[in-house]
Engineer: 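This is the structure I want to talk about, given as structure tokens.
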Amino acid sequence: MTTLPNDPSAQRREATFPRLTPAQQSRLCRYGRRRPTRAGEIVFEHGEVGTNFFVVLSGTLEVVQPGFDGVEHPVVIHEPGQFTGEINMLSGRPSLVRARVGEPGELLEVDREGLRHIVQVEAEVGELLMRAFILRRVSLIAHNASDAVLVGSVHSPATLRLKEFLTRNGHPFSYIDVERDADVAGLLEQFQVGVDEVPVIICRGNMVLRNPTTEEVARCLGFNADVDRSVLRDVVVIGAGPAGLAAAVYAASEGLDVLVIERNAPGGQAGSSSKIENYLGFPTGISGQALAGRALTQAQKFGAHVAVAMAAVRLDCSRTPYVVELGAQGSVQARSIILATGAEYRRLGVPDLHRFEGDGVYYGATQMEAQLCSGEEVIVVGGGNSAGQAAVFLAESVRHVHILVRASGLADSMSRYLIRRIEEHQKITLRPYTEIVEMFGETSLEQVRWVNRKDGSSETRPIRHVFSMAGARPNTGWLEGCVALDPAGFVKTGPDLTPAELAQRPWRRAPYLLETSLPNVFAVGDVRSGNVKRVASAVGEGSICVQMIHRALAE
């Protein structure tokens with residue numbers, strides 16, 4: 001078949017599996033060693049951690065993915081000038097594929113530190129490698145090429161929790177629904193799992209995790225295999241939302257040893273946004289997950305280590321270096337700390353709310369949640385930009401969206417462009433002065449009753465899906481006794497700190513703009529008192545904070 005010059009599929013494949021020129025190959029030889037190969041030799045194995053980077057100088061290299069049934073599924077055959085690897089080359093996670101020599105020849109082998117040096121220093125080759133790594137991970141996700149199978153139910157909140165965790169962490173997985181997939185019985189029998197035990201994750205083809213925690217999933221899939229908790233870090237960033245990731249990018253790019261601790265997945269609250277349209281440089285908008293994925297890759301490119309499914313439970317601020325305690329997962333030491341834990345949407349004041357969370361009540365509006373309520377009526381609670389974006393996004397696939405706000409309207413809390421879009425959308429109704437007071441349902445949400453606080457009227461609707469995006473509650477409970485908080489629990493910084501709050505620590509200077517009442521501990525993003533609740537503001541604070549850390553560490 002003749003390939004057209006402007007064939008998009010051919011261009012994408014060429015970008016996914018490019019071929020280095022002889023000059024580029026020669027330039028890379030300074031970073032590694034040449035090694036001969038023999039036919040059938042396994043260069044690296046599926047599940048191997050810390051695999052090296054290989055360039056095919058001669059011969060071929062076959063990349064395959066072993067299936068749970070023992071059958072190998074071909075991925076690609078690398079020819080001379082082509083190279084191995086995808087985004088886990090930077091993250092340090094286990095390999096999802098196996099590489100075996102086809103035709104014998106010669107490889108250039110570069111260790112991971114050498115590869116990181118290449119992508120940072122060799123601009124032309126580095127850009128080519130990064131683009132290929134990202135596209136290869138996207139392809140693996142699109143083809144469910146993974147070491148994880150999730151068996152679950154559309155009616156299970158735990159299933160949604162695990163799907164969101166794997167998706168937002170960019171890990172490919174196959175999903176089988178017990179109510180919709182005909183061949184699920186055979187799989188459950190093979191692994192001796194009962195239908196009543198779902199959700200179940202089959203990890204690496206041999207380990208069965210029954211309704212696992214995210215920590216158990218991360219451990220089984222090797223998400224944090226590259227993280228050494230014994231190292232004293234220059235900077236520990238708590239939280240991988242836009243502020244935390246920006247701090248990680250700038251700190252790592254300037255030579256600091258950075259560890260990011262994230263309890264769930266990169267992106268924070270912004271990561272659950274269907275689209276962000278007012279962030280500089282993206283005139284057509286970008287999803288929160290896409291923005292977080294790019295920022296994460298950027299941080300890892302510069303050498304930042306990112307640990308997910310880890311939560312800071314206590315800060316030991318009685319000594320230096322500071323110690324961040326991670327519960328059962330140990331602790332880490334830091335010369336400086338950046339608090340970027342963000343804020344959570346407040347829970348609705350409705351009896352038995354917990355019964356419907358994840359099965360009718362959601363705190364994010366991504367494609368996963370939208371699929372659950374296609375063609376139905378839904379409620380969005382909240383008057384901020386996240387709520388507005390959710391309403392507009394959901395209106396594309398649902399029958400109708402009701403926006404409930406306790407205020408008189410949206411003007412005080414939402415961007416004008418979103419308000420206009422909502423006002424002109426025939427499938428969106430704004431209900432001011434209104435809040436939900438009751439929810440009904442046997443096993444999942446079936447009905448909702450709301451009340452208009454201005455005129456006292458109430459209404460009960462057969463609505464099965466509520467998106468709660470109202471208010472903000474800072475994640476600061478674990479900081480008790482270490483840093484000064486404002487009355488709402490947000491972290492106070494810089495000029496907002498009082499002499500009495502500073503007197504509790506041996507300060508030899510005034511705190512920097514984003515520094516807390518604890519020296520060398522900074523707060524950025526939504527967790528900081530007085531922060532402007534916008535992604536751009538969070539990114540700005542995360543980046544400028546690094547300059548203050550340099551000064552603090554130099555003292």
Side-chain angles (χ1 to χ4, degrees), residues 152-165 167-168 177 198-199 211 213-214 263-265 267-274 288-289 342-395 397-406 428-431 434-453 458-473 475:
S153 165
V154 70
H155 301 296
S156 163
T159 297
L160 181 61
R161 169 178 59 85
L162 294 172
K163 288 177 73 173
E164 287 182 336
F165 177 72
T167 300
R168 291 187 59 184
D177 195 288
V198 298
N211 192 16
T213 64
T214 52
R263 65 176 178 175
N264 187 29
Q269 194 179 87
S272 63
S273 177
S274 57
Q289 184 176 333
E344 295 178 333
Y345 294 121
R346 285 195 170 90
R347 266 45 180 175
L348 299 171
V350 179
D352 294 330
L353 175 68
H354 66 279
R355 292 178 48 220
F356 306 116
E357 290 182 311
D359 193 11
V361 177
Y362 317 101
Y363 297 95
T366 67
Q367 193 61 42
M368 276 183 291
E369 290 85 7
Q371 290 173 347
L372 299 175
C373 53
S374 178
E376 300 189 41
E377 278 188 276
V378 304
I379 293 172
V380 174
V381 179
N385 275 13
S386 294
Q389 285 288 5
V392 172
F393 168 67
L394 292 167
S397 58
V398 304
R399 187 165 71 250
H400 200 84
V401 179
H402 303 272
I403 301 179
L404 274 56
V405 294
R406 290 187 292 183
I428 301 177
T429 299
L430 174 65
R431 299 185 179 276
T434 303
E435 58 184 305
I436 296 173
V437 292
E438 284 187 278
M439 293 181 172
F440 310 92
E442 291 296 325
T443 57
S444 60
L445 184 62
E446 296 173 10
Q447 291 183 316
V448 171
R449 185 169 77 90
W450 65 60
V451 171
N452 183 307
R453 295 301 186 188
S458 69
E459 188 173 355
T460 300
R461 290 284 192 99
I463 293 177
R464 305 191 306 131
H465 304 281
V466 174
F467 294 82
S468 179
M469 299 179 174
R473 182 179 61 186
N475 298 311

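Please read these numbers as outputs of a predicted model, since none were measured by experiment.
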Engineer: Using ring-ring contact (aromatic ring centres under 6.0 Å, His included) as the criterion, list what pairs up with Y345, not counting sequence neighbours.
Structural biologist: none
Engineer: Kindly indicate whether the side chain of I403, heavy atoms from C-beta on, has any atom under 4.5 Å from the side chain of I428.
Structural biologist: yes
Engineer: Can you list everything that forms a side chain to side chain donor-acceptor pair (under 3.5 Å) with S156? Sequence neighbours excluded, please.
Structural biologist: T159
Engineer: Would you say that L430 contacts H402 through its side chain, given a criterion of any heavy-atom pair below 4.5 Å between the two side chains?
Structural biologist: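 No - every pair of side-chain heavy atoms lies 4.5 Å or more apart.
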Engineer: I'd like to check the salt bridge (charged side-chain N to carboxylate O under 4.0 Å, His left out) partners of E435; sequence neighbours left out, ordered by chain and number.
Structural biologist: R453
Engineer: Where do G382 and A470 come nearest, in terms of heavy atoms and distance?
Structural biologist: CA-CB, 4.0 Å
Engineer: Write down the atom of V381, the atom of I436, and the distance for their closest heavy-atom approach.
Structural biologist: CG2-CD1, 3.9 Å
Engineer: Working to the nearest 0.5 Å, report the span between CD1 of I379 and NE2 of H400.
Structural biologist: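 If we round to the nearest 0.5 Å, I379:CD1 and H400:NE2 are 11.0 Å apart.
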Engineer: Using 30° and 60° as the class limits, which term best fits the ring planes of Y362 and F467: parallel, tilted or perpendicular?
Structural biologist: tilted
Engineer: Under a 4.5 Å cut-off applied to non-hydrogen side-chain atoms, are V154 and L372 in contact?
Structural biologist: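 Sidechains of L372 and V154: in contact.
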Engineer: Only pairs at least two apart or in different chains count here, so list each salt bridge (Lys or Arg N to Asp or Glu O under 4.0 Å) that has a residue in residues 370-389.
Structural biologist: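 Qualifying pairs: E376-R464, E377-R399, E377-R461.
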Engineer: To the closest 0.5 Å, what do you measure between CZ (R168) and OG1 (T366)?
Structural biologist: 8.0 Å
Engineer: With no hydrogens and no angle check, is any side-chain donor or acceptor of Q447 less than 3.5 Å from a backbone partner on I463?
Structural biologist: no
Engineer: Between A158 and N211, which heavy-atom pair has the shortest distance, and what is it?
Structural biologist: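 Between these two residues, the closest heavy atoms are CB-OD1, 3.3 Å.
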Engineer: At what distance, to the nearest 0.5 angstrom, does CZ of F356 lie from CE of M439?
Structural biologist: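 It is 7.5 Å, given to the nearest 0.5 Å.
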Engineer: Can you check whether S386's main-chain N or O pairs, donor with acceptor, with Q389's side chain at less than 3.5 Å?
Structural biologist: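 No: the side chain of Q389 does not pair with the backbone of S386.
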Engineer: Look up atom CG in L348 and atom CD in E438, then write down how far apart they are to the nearest 0.5 Å.
Structural biologist: 13.5 Å
Engineer: With a 3.5 Å distance limit and no angle check, can you tell me whether S272 reaches the backbone of Q269 through a side-chain donor-acceptor pair?
Structural biologist: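 Confirmed, S272 side chain pairs with Q269 backbone.
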Engineer: For residues G152 and V198, report the shortest heavy-atom separation together with the two atoms involved.
Structural biologist: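 Taking every non-hydrogen atom into account, CA-CB, 4.2 Å.
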Engineer: Mind checking salt bridge (charged side-chain N to carboxylate O under 4.0 Å, His left out) for R473 and listing every partner two or more places apart, or none if nothing turns up?
Structural biologist: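 Salt bridge (charged side-chain N to carboxylate O under 4.0 Å, His left out) check on R473 returns E344.
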Engineer: When rounded to the nearest 0.5 angstrom, what is the spacing between CG in L162 and OG1 in T213?
Structural biologist: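 So the CG of L162 and the OG1 of T213 are separated by 9.0 Å.
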Engineer: Kindly indicate whether the side chain of L445, heavy atoms from C-beta on, has any atom under 4.5 Å from the side chain of V466.
Structural biologist: yes
Engineer: What do you reckon, is CZ of R449 surrounded by more than 12 foreign heavy atoms closer than 6.0 Å?
Structural biologist: yes
Engineer: Just verifying a value: how many Å separate N452 CG and L404 CG, rounded to the nearest 0.5 Å?
Structural biologist: 9.5 Å
Engineer: Is a donor from one side chain sitting under 3.5 angstrom from an acceptor on the other, for T443 and H155?
Structural biologist: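 No, H155 and T443 have no side-chain donor paired with an acceptor closer than 3.5 Å.
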Engineer: If you look at every heavy atom in E357 and P157, which pair is closest and at what distance?
Structural biologist: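 Where E357 meets P157 most closely, the heavy atoms are O-CB, 3.5 Å.
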Engineer: Check E369 against L160 and note the closest heavy-atom contact, atom names and distance.
Structural biologist: OE2-CD1, 4.4 Å
Engineer: Does T167 offer a backbone N or O that forms a donor-acceptor pair with the side chain of Q289 under 3.5 Å?
Structural biologist: yes
Engineer: Tell me whether N264 contacts the main-chain N or O of F165 through its side chain, where contact means a donor paired with an acceptor under 3.5 Å.
Structural biologist: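 No, because the side chain of N264 does not come within donor-acceptor range (under 3.5 Å) of the backbone of F165.
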Engineer: Taking CZ in R263 as the centre, count heavy atoms belonging to other residues, nucleotides or ligands within less than 6.0 Å. Is the count above 12?
Structural biologist: no
Engineer: R431: which residues meet the salt bridge (charged side-chain N to carboxylate O under 4.0 Å, His left out) condition with it, sequence neighbours left out?
Structural biologist: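 Listed in chain order: nothing, the list is empty.
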